[in-house]
Amino acid sequence: MLDQTKKDQTSGLPTGATRFAEPGVPIIRGVNWGGFSALYWKEVRRFFKVQLQTVWAPSITTLLFLVIFTVAMGRGDRSVMGAPFADFIAPGLICMGMLQNAFANSSFSMLVGKIQGTIIDYLTPPLSVGELLAALVAASMTRAALVGFAVWLAMFIWPGVHVGVEHWWAVLWFGTMGAAMLSFLGVLTSIWAEKFDHAAAVTNFVVAPLALLSGTFYSIDRLAPTFQAISHANPFFYAISGFRYGFLGVADSPIIVGALVLLAINIGLALICYLLLKSGWKIKS
């Protein structure tokens, strides 16, 4: 009897009793790397199971833009910013494909959970708001990187197109910042949207126009001053211009300014996503 009532000197509990944290006290201290990794790989495996649709199909679609503008329209002998037209638009097309697919991935995850009633799978695991957001964004950026690599590989073997890299730091920075920006925007969309039509509306009326009017197919130096100002207000422009600089070594905007603008936008979007997820707006009943 004395042994059974004997207290553990360090915890005050009977010997052999299970230790539980007090209500509101986290058991997992620091970063839950195991939970973060599990959610990240779950999201990666989700889109990779249908890689023909999520990776290779967007790559072929993006490559068709190159074929149309360089072959069908007969622009093979034109040059923009001192580079052949095909070499000029190739980096922009790679970046555009990365941005669009980063958004497509992150805007789908929680939205389908809300529609199918499985959103609880994102809310009940022992993950902090930051860990949940980081896993969703990291998975979307992984898809963007895979699509970008697939498009680059297709263009590398395409005749008449040169996609050699001159500044790796610019390719990595602007590719990462651009993919992160659209990943955060996709998370915001999945929080706000209540059905697939809402997400499709953002894709068709926000993401697609901003991507196509971002200087992918032209240099903004040839535009009227008013349209140049509008282009500078488009965050997609800085991602594509900086990404192109990594391949060609020339850009139609200050590289440092573009890098800082994208960094500031990502910090702002991350903060908004964090606060909305923490509040449970349109997620928790």
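For the pair Asn234/Ile230, no side-chain contact is recorded, criterion being any heavy-atom separation below 4.5 Å from C-beta on. Between Val112 and Phe196, some side-chain heavy-atom pair lies under the 4.5 Å cut-off. Under the 4.5 Å side-chain criterion, counting only non-hydrogen atoms from C-beta, Trp173 is in contact with Leu263. By the 4.5 Å heavy-atom criterion applied to side chains, Phe174 and Cys95 are not counted as neighbours. Looking at Met98 and Val151, their side chains never come closer than 4.5 Å, going by heavy atoms from C-beta outward. Looking only at side-chain heavy atoms (C-beta outward), Val207 and Leu185 come within less than 4.5 Å of each other. Side-chain contact check for Asp252 versus Phe237: some heavy-atom pair is nearer than 4.5 Å. Under the 4.5 Å side-chain criterion, counting only non-hydrogen atoms from C-beta, Asn32 is in contact with Pro126.
Between Ala199 and Thr189, the shortest heavy-atom contact is CA-CG2, 3.9 Å. Across His198 and Ala193, no two heavy atoms sit closer than the pair CB-CB, 3.5 Å. Residue Ala90 comes nearest to Val163 through the heavy atom pair CB-CG1, 3.8 Å, listed as atom of the first residue, atom of the second, then distance. Nearest heavy atoms, Ile191 versus Lys114: O-NZ, 2.7 Å. Residues Val147 and Gly97 share a closest heavy-atom pair of CG1-O, 4.0 Å. Of all the heavy atoms in Leu66 and Val161, the pair that sits closest is CD2-CG2, 3.8 Å.
Within 6.0 Å of the OH atom in Tyr218, the count of heavy atoms belonging to other residues, nucleotides or ligands exceeds 12. The number of heavy atoms from other shown groups lying within 6.0 Å of NZ (Lys278) does not exceed 12. Within a 6.0 Å radius of CH2 in Trp281, other residues, nucleotides and ligands contribute more than 12 heavy atoms. The local environment of CZ in Phe227 is sparse, with at most 12 non-hydrogen atoms from other residues, nucleotides or ligands closer than 6.0 Å.
Cluster annotation: Leu172 and Met181 are assigned to distinct hydrophobic clusters (Ile/Leu/Val/Met/Phe/Trp/Tyr, side-chain heavy-atom contacts under 4.5 Å, transitive). Note on Phe247 and Ile157: same hydrophobic cluster, where clusters join Ile, Leu, Val, Met, Phe, Trp and Tyr whose side-chain heavy atoms are under 4.5 Å apart, directly or indirectly. A continuous path of hydrophobic side-chain contacts links Phe243 to Leu212 [ILVMFWY only; heavy atoms under 4.5 Å]. Neither Phe156 nor Ile60 shares a network with the other; the hydrophobic side chains, linked directly or stepwise wherever heavy atoms of I, L, V, M, F, W or Y lie under 4.5 Å apart, form separate groups for each. Grouping the Ile, Leu, Val, Met, Phe, Trp and Tyr side chains by contacts below 4.5 angstrom, directly or via other members, places Val31 apart from Leu136.
Although no hydrogens or angles enter the test, the distance criterion places no donor-acceptor pair under 3.5 Å between the side chain of Ser37 and the main chain of Trp33. A donor-acceptor pair under 3.5 Å is absent between the side-chain atoms of Arg143 and the main chain of Phe47, judged by distance alone. Asp87 contributes a side-chain N or O that, together with a main-chain N or O of His162, makes up a donor-acceptor pair within less than 3.5 Å. Without hydrogens or angle criteria, Ser183 side chain to Ser140 main chain gives no donor-acceptor distance under 3.5 Å. Not one N or O on the side chain of Trp152 forms a donor-acceptor pair closer than 3.5 Å with the backbone of Ile94. Side-chain N or O atoms of Glu131 include none that pairs as donor or acceptor with a backbone N or O of Gly35 at under 3.5 Å. Side-chain atoms of Lys282 do not come within 3.5 Å of backbone N or O of Leu276 as any donor-acceptor pair. Of the possible donor and acceptor atoms, none in the side chain of Ser214 sits under 3.5 Å from a partner among the backbone N and O of Phe236. In this structure, Arg244 contributes its side chain and Phe88 its backbone to a donor-acceptor pair below 3.5 Å. Between the Asn266 side chain and the Met177 main chain, a donor and an acceptor come within less than 3.5 Å of each other.
Ring geometry for Phe36 versus Tyr40: interplanar angle under 30°, hence parallel rather than tilted (30 to 60°). The aromatic rings of Tyr245 and His167 sit parallel to each other, their planes meeting at less than 30°, with 60° as the upper class boundary. The aromatic rings of Phe217 and Phe65 are tilted relative to each other, their planes meeting at an angle between 30° and 60°.
Donor-acceptor pairing under 3.5 Å is recorded for the side chains of Ser109 and Arg46.
Separating the OG atom in Ser106 from the CG atom in Leu182 is a distance of 7.5 Å, to the nearest 0.5 Å. Note that CD of Glu43 is 4.0 Å distant from OH of Tyr122, once rounded to the nearest 0.5 Å. Between Trp192 atom CH2 and Ile283 atom CD1 the span is 14.0 Å, to the nearest 0.5 Å. Between the CE atom in Met141 and the CG atom in Asn105 there is a gap of 12.0 Å [rounded to 0.5 Å]. Between Thr62 atom OG1 and Gln100 atom CD the span is 6.5 Å, to the nearest 0.5 Å. In this structure, the separation between CD1 on Ile255 and OG on Ser241 is 5.0 Å, given to the nearest 0.5 Å.
Considering Leu271, Ile272, Leu133 in turn, Leu133 is the only one that fulfils the side-chain contact (heavy atoms from CB on, under 4.5 Å) rule with Phe184.
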Report task. Take Leu248 and Glu166 through the side-chain contact (heavy atoms from CB on, under 4.5 Å) test and state the conclusion after the steps. Result -> CA-CA 7 Å; Leu248 301 181; Glu166 289 195 17; 5.8 Å; no
Report task. Give the intermediate values and the outcome of side-chain contact (heavy atoms from CB on, under 4.5 Å) for residues Val202 and Ser107. Result -> CA-CA 10 Å; Val202 176; Ser107 64; over 6 Å; no
